[in-house]
Number of protein chains: 2
Amino acid sequence: MDMRPLKHFLALADTLHFGRASELCHVSPSTLSRTIRQLEQNLEVPLFERDNRHVALTPQGLIFQDYAKDALAQWELLRHTLSRDADELAGEISIYCSVTASYSFLYDLLSDFRLRHPRIELKLHTGDPAESMARVLDGEEDMAITPRPRSVPGPLAFKSLTRSPLVFIAPAVQAGWIPGTPESPSDTQWQNVPMILSEAGLSREYSDTWFKALGITPRIYAQVAGHEAIVSMVGLGFGVGVVPKIVLDNSPLVERVRVLPVKPELPHYDVGLCVLNRRLKSPLIQALWDEVVER
Amino acid sequence: MDMRPLKHFLALADTLHFGRASELCHVSPSTLSRTIRQLEQNLEVPLFERDNRHVALTPQGLIFQDYAKDALAQWELLRHTLSRDADELAGEISIYCSVTASYSFLYDLLSDFRLRHPRIELKLHTGDPAESMARVLDGEEDMAITPRPRSVPGPLAFKSLTRSPLVFIAPAVQAGWIPGTPESPSDTQWQNVPMILSEAGLSREYSDTWFKALGITPRIYAQVAGHEAIVSMVGLGFGVGVVPKIVLDNSPLVERVRVLPVKPELPHYDVGLCVLNRRLKSPLIQALWDEVVER
DNA sequence: TGCCGACATTGCGTAAAACGCTATATTTGC
DNA sequence: GCAAATATAGCGTTTTACGCAATGTCGGCA
């Protein structure tokens, strides 16, 4: 935006003298004269009454003077606002994660980040990790805390934050169907166990693979969205579930459940930050990304 | 003021697509791209995060979007305001006149003018007509109602509005010093008459000339600024005054004074509108001038 | 009254910039 | 891996902006 016409106008309105005003603006008198003429043609009203000897503001010029002062002030204010924002990163980052992530390591990460970039607002959306990839790919969220999938989609970048074993959990109270010897699984031992599994997502895939590898057909009692809900249901005694251990560690129901020491163990759950590759160029995203990389 | 950068920015911010935005703005995509880049360089902050495939507003872009909408709205508002003012004359005209003028013919003139140009504000300043010329010449007033001087100064235009005889007035009540036979003036008759005259101005000049022509040296009791004050003092019985008859006609004290039928009569007082020639180009001034000419 | 100086404006030649077309590089979706 | 999409850089042309010098006009002053 070229604000010179406004500045030139104001200089002339102040001095009422083309020569002096043009000096103030560091342009030739002819340039100033043409600038004013352009303004007048643009607005289709005369701003100055003038002859070869006198210059005076018209009533419209008086109105325009108010406008010009205002517009210039707003422009300068904008520049200051923006330049302050340029020095210090500011804006908004939306992060999708599970409740557990928001309670555990993510909390520390974001605390540090917030101290370093107080003017970046973080919007935390919690939900089922199974959806996290899709949400990031669709651009609904800037980032997500998500388990590393078997293969990371091309447009996505993934940075591991923590690992956590997937574990079988059973109610802390006794129940007839809880496998007595989880170290040596067998179809008979598992066929009557009511399983509480994720509807979808990596933990479900790993569970399915685990059962399939042992030739076991599990009895699925409930399919749940969100690991935290699995803990709840298991704690209530509805069955046996599979969750990352970190979910357990951050659950208020940890006393109500116990880990079944099954063999073979389930794979580890690699939890990390996930973001569109191209969005890494954004200074805000990059700042958070770098914070993670430092760890 | 070229507002296109703002329009282009807003189009891009809406569509987030250079191709479509450039169509909306009737420019080529490369032009739009350069316009945005210029804005960003000017403000020294990025407004869009973009690669070859995606466009997104930065936090600063969001701020600028608010600014741009606002600035454009104000600009349009200004244009409307000014164009309305262009159709209908608006502004301010200052007029200097005597109290009498403001009470008499000027009132009618301005009433009509106000109906025709309701958006022109008139600022009436009253004072001694003797000063009127100087005030107009100095640019302190746009116009003045003033007696036509013996010779009108070059830079001034004068348009006669009305004529009024200069008259001698005496108190209505009897007083020993009031000339008994004003039709035949003589030094003896006048030498003891306390005269109440203008400090300056045409009426004073004419009075002086009248006395001089008759070889009379008047006894000046008081020199007053403003004809109305002369009527007051005469009405109070302090002496004999010289005022334009029109002042008398508009005075509440008209019953307290009477006109002396002196011979020879004083010249007529030619009262009219006076304005700087060069200011006649101003549409406002011209409108009022034309109104006078029509009469 | 006539001349001089001040000053806004215009003509003109040059410099700069703006514009559109085309080409290019990169990315996405199939 | 290929083809479509798309923001952008290069380039030649057109438009615009700028300053200098000239012009015309208005006040002031002798």
Side-chain angles (χ1 to χ4, degrees), chain A residues 1-5 7-9 11-13 15-42 46-58 61 134 136-139 153-157 276-282, chain B residues 1-5 7-9 11-13 15-42 46-58 61 136-139 151 153-157 276-282:
Chain A
M1 284 298 294
D2 187 4
M3 291 286 146
R4 282 179 304 171
K7 295 207 180 95
H8 291 185
F9 169 86
L12 183 59
T15 61
L16 295 178
H17 189 291
F18 276 82
R20 276 187 281 282
S22 66
E23 276 181 44
L24 290 175
C25 299
H26 312 293
V27 294
S28 71
S30 56
T31 297
L32 179 63
S33 176
R34 275 187 278 253
T35 305
I36 300 298
R37 179 181 303 284
Q38 259 181 343
L39 269 178
E40 291 178 322
Q41 284 175 351
N42 198 333
L47 298 174
F48 292 97
E49 296 281 344
R50 52 194 186 277
D51 53 28
N52 296 345
R53 200 77 184 160
H54 303 85
V55 179
L57 274 171
T58 60
V136 172
L137 281 167
D138 290 355
L156 287 182
L276 279 171
N277 259 315
R278 60 181 173 83
R279 299 234 53 201
L280 277 178
K281 294 171 201 155
S282 163
Chain B
M1 285 296 295
D2 187 4
M3 290 287 150
R4 282 178 305 172
K7 295 207 181 97
H8 291 185
F9 169 86
L12 183 59
T15 61
L16 295 178
H17 189 290
F18 276 81
R20 275 186 279 282
S22 66
E23 277 181 43
L24 289 176
C25 300
H26 310 292
V27 294
S28 71
S30 57
T31 297
L32 179 63
S33 177
R34 276 187 280 251
T35 305
I36 300 297
R37 178 177 302 283
Q38 260 181 343
L39 269 177
E40 291 178 321
Q41 284 176 350
N42 199 332
L47 298 174
F48 292 97
E49 297 281 345
R50 51 196 186 276
D51 53 29
N52 296 346
R53 201 79 184 158
H54 303 83
V55 179
L57 274 171
T58 61
V136 172
L137 281 167
D138 290 355
S151 72
L156 286 183
L276 278 171
N277 260 314
R278 59 181 177 82
R279 299 234 54 201
L280 277 179
K281 294 173 201 154
S282 165

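Order of the sequence lines fixes the chain letters, A, B, ..., with proteins taken first and strands second; residue numbering starts at 1 for each chain.
By the side-chain hydrogen bond (donor to acceptor under 3.5 Å, both in side chains) test, Thr31(A) is found to be paired with Ser28(A), residues two or more places apart in sequence or in another chain being considered. Taking Lys7(B) as the reference, Met3(B), Leu72(B) meet the side-chain contact (heavy atoms from CB on, under 4.5 Å) condition, with sequence neighbours excluded. When the side-chain contact (heavy atoms from CB on, under 4.5 Å) test is applied to Arg50(A), the partners found at least two apart in sequence or on another chain are Phe18(A), Ile36(A), Glu40(A), Phe48(A), Val55(A). Scanning for side-chain contact (heavy atoms from CB on, under 4.5 Å) contacts around Ala157(A) gives Val275(A), Asn277(A), Leu280(A), Trp289(A), with sequence neighbours left out. Every residue two or more places apart in sequence or in another chain was checked for a side-chain hydrogen bond (donor to acceptor under 3.5 Å, both in side chains) with Thr15(B), and none qualifies. For Pro5(B), the side-chain contact (heavy atoms from CB on, under 4.5 Å) criterion is met by Met1(A), Asp2(B), Thr35(B), Leu39(B), not counting sequence neighbours.
Atom pair Glu49(B):CD and dA7(D):P shows a separation of 15 Å (rounding to whole Å applied). Between Leu32(A) atom CG and dG19(D) atom C1' the separation is 13 Å, expressed in whole Å. Summarising the geometry, the separation between CG on Leu137(A) and C1' on dG29(C) is reported as 13 Å, rounded to the nearest angstrom. Look at CG on Asp138(B): it is 14 Å from P on dG27(D), rounded to the nearest Å.
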(Q) Between Leu276(A) and Leu156(A), is the side chain to side chain contact (heavy atoms under 4.5 Å, CB included) condition met? List the steps. (A) CA-CA 4 Å; Leu276(A) 279 171; Leu156(A) 287 182; 3.9 Å; yes

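Remark on DNA chain C: of its neighbouring residues Pro155(A) and Thr35(B), the 5'-side contact belongs to Thr35(B), judged by nearest-heavy-atom nucleotide. Between Arg4(B) and Lys281(A), the residue whose closest nucleotide on DNA chain C is further toward the 5' end is Arg4(B).
The salt bridge (Lys or Arg N to Asp or Glu O under 4.0 Å) analysis of residues 18-38 of chain A, with sequence neighbours excluded, yields no pairs.
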Q: For each nucleotide in nucleotides 6-12 of chain C, reading 5' to 3', give B when a protein heavy atom comes within less than 4.0 Å of its base, S when such contact involves only the sugar-phosphate, and - otherwise.
A: BBSBBBB

Atom pairs, protein N/O to nucleotides 13-16 of chain D N/O, distance under 3.5 Å:
none

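In the helix from dT1(C)-dA30(D) to dC30(C)-dG1(D), the end axes, each obtained as the rotation axis mapping the C1' atoms of four pairs onto the next four within a five-pair block, lie 30° apart to the nearest 10 degrees.
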